[in-house]
Amino acid sequence: MELQSAFDGLLQSDQPLSGLDDLIWQSLRDGANSSDHPWNLGAFSTIDSAHPQFPRPECRTVVLRHADQQRRTIDFYTDVRSDKIRQLNSGHSPALACWMFYDATTKIQLRLDGMAEVIDGEQADEVWKQTAPDSRASYLSIGPPGERVNDPLPPSTADRFVTREESERGRKNFRIVRTTVRHADWLYLRRRGHVRSVIDYDAAGAIDAFWVVP
């Protein structure tokens, strides 16, 4: 579904708020299923509390892997040795986190706030089995992500490109990060007038959607 035409069509209906939640989640599913979709890549933000006197936000681009409207969850995959895992596990779990998706062509933005948790075990096993060898390369580095390299040249990645059987050693580093969405902020910067809406989700699954001043 083309992002702009879908939202333009919704806004032309008599009660656009009633269909906004469904369209947002349909667009997230489309993003998870297609690398060509503008919401396939999102920015994921956490708080780094390693230095209590100066906690700082950290943001990085991740690939949206799965979106479940019924559970209000979205997933991405990462290396357990990465800083984002440490940040999510440093305090209470699940931890507060924020996503942002933006399409520069249509100027449609979506921000999602919620609680993120790190998932391993059987759920990660099943996803890992379906992961292609070239994708497994992200979890096969000898050193952890972010480790300093004292060399004038970038570190070699030759150790990551192996057979599927050899790639099994990367499973110990593979994790799913799942965010349960509690708040959505949708913004469409239209030339003929910006439009913005907020959707709040409660634990029982009820939603409260309303317009706000853009």
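What you see below is based on every heavy atom in this structure, not just the backbone, and it leaves out hydrogens, waters and symmetry mates. Residues: numbered from 1 along the sequence shown.
The shortest non-hydrogen separation linking L189 to H194 is CA-ND1, 3.4 Å. Closest non-hydrogen pair, P16 versus L11, comes out as CB-CA, 4.1 Å. Between L88 and A116, the closest heavy-atom pair is CD2-CB, 3.9 Å. Residues I142 and R81 share a closest heavy-atom pair of O-NH1, 3.4 Å. The shortest heavy-atom contact between G143 and S141 is O-OG, 2.7 Å. H37 and S27 make their closest contact through CE1-O, 3.5 Å (heavy atoms, listed as atom of the first residue, atom of the second, distance).
Going from atom CG of D48 over to atom CG of D83 covers 6.5 Å, rounded to the nearest 0.5 Å. Interatomic distance, F174 CZ to T131 OG1, rounded to the nearest 0.5 Å: 4.5 Å. Between the OG1 atom in T78 and the CD1 atom in I176 there is a gap of 11.5 Å [rounded to 0.5 Å]. Taken from CZ in R190 to NZ in K107, the straight-line distance is 14.0 Å, to the nearest 0.5 Å. The line from CD1 of I74 to OG1 of T179 is 5.0 Å long, rounded to the nearest 0.5 Å. A distance of 9.0 Å separates CG of L10 from CD1 of I24, quoted to the nearest 0.5 Å.
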Inset, instruction - Evaluate the side-chain contact (heavy atoms from CB on, under 4.5 Å) criterion for residues N89 and V118: first the C-alpha distance (whole Å), next the side-chain angles of each, then the deciding distance (0.1 Å), finally the verdict. - result: CA-CA 8 Å; N89 289 334; V118 181; 3.9 Å; yes
Inset, instruction - Might you work through the side-chain contact (heavy atoms from CB on, under 4.5 Å) test for S167 and L140, ending with a clear yes or no? - result: CA-CA 7 Å; S167 72; L140 296 173; 4.1 Å; yes
Inset, instruction - Determine, stepwise, if the pair V181 / Y201 fulfils side-chain contact (heavy atoms from CB on, under 4.5 Å). - result: CA-CA 7 Å; V181 178; Y201 306 100; 3.8 Å; yes
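With contacts defined as side-chain heavy-atom distances shorter than 4.5 Å, the pair D21/Q69 qualifies. Put simply, the side chain of W99 reaches to within 4.5 Å of the side chain of L64, judged on heavy atoms. Under the 4.5 Å side-chain criterion, counting only non-hydrogen atoms from C-beta, V177 is in contact with I85. Taking 4.5 Å as the limit, every side-chain heavy atom of T106 sits out of range of all side-chain heavy atoms of F7. The shortest side-chain heavy-atom distance between L187 and P214 falls under the 4.5 Å cut-off. The side-chain heavy atoms of I108 and F101, taken from C-beta on, include no pair separated by under 4.5 Å. Proximity of L28 to L110: side-chain heavy atoms (C-beta onward) are separated by under 4.5 Å at one or more points.
Residue-environment remark: CZ (R71) stays at or below the threshold of 12 foreign heavy atoms within 6.0 Å. Other residues, nucleotides and ligands contribute more than 12 heavy atoms inside 6.0 Å of the CZ atom of R164.
The aromatic rings of W128 and Y139 lie perpendicular to each other, with more than 60° between the two planes, well past the 30° mark.
Using a 4.0 Å cut-off between a side-chain N of Lys or Arg and a carboxylate O of Asp or Glu, R182 and D113 do not qualify as a salt bridge. Ion pair D120/K172 not flagged as a salt bridge, since none of the NZ, NE, NH1 or NH2 atoms sits closer than 4.0 Å to an Asp/Glu carboxylate oxygen. Using a cut-off of 4.0 Å between Lys/Arg side-chain N and Asp/Glu carboxylate O, R171 and E168 are scored as not salt-bridged.
Between the side chain of R196 and the backbone N or O of D185 there is no donor-acceptor pair closer than 3.5 Å. With E2 contributing its side chain and Q4 its backbone, the two residues share a donor-acceptor pair below 3.5 Å. Judged purely by atom type and a 3.5 angstrom limit, T180 has no side-chain atom pairing as donor or acceptor with the backbone of T73. Listed for the N40 side chain is a donor-acceptor partner under 3.5 Å among the backbone atoms of G31.
Residues V63 and V127 do not share a hydrophobic cluster, clusters being chains of Ile/Leu/Val/Met/Phe/Trp/Tyr side chains in contact below 4.5 Å. Using a 4.5 Å cut-off between side-chain heavy atoms of Ile, Leu, Val, Met, Phe, Trp and Tyr, with links allowed through other members, W25 and F76 fall into the same hydrophobic cluster. By the criterion of side-chain heavy atoms lying less than 4.5 angstrom apart, applied directly or through intervening Ile, Leu, Val, Met, Phe, Trp or Tyr residues, L23 is grouped together with V195 in one hydrophobic cluster. In the hydrophobic cluster analysis, where Ile, Leu, Val, Met, Phe, Trp and Tyr join through side-chain heavy atoms closer than 4.5 angstrom, W39 is grouped apart from Y77. I199 and V212 fall into different hydrophobic clusters, where Ile, Leu, Val, Met, Phe, Trp and Tyr residues are linked whenever their side-chain heavy atoms come under 4.5 Å apart, directly or through other members.
Using modelled atom types and a 3.5 Å distance limit, the side chains of Q26 and D30 yield a donor-acceptor pair.
Paired with T46 under the rule side chain to side chain donor-acceptor pair (under 3.5 Å), one option of K84, E58, R60 passes, and it is R60.
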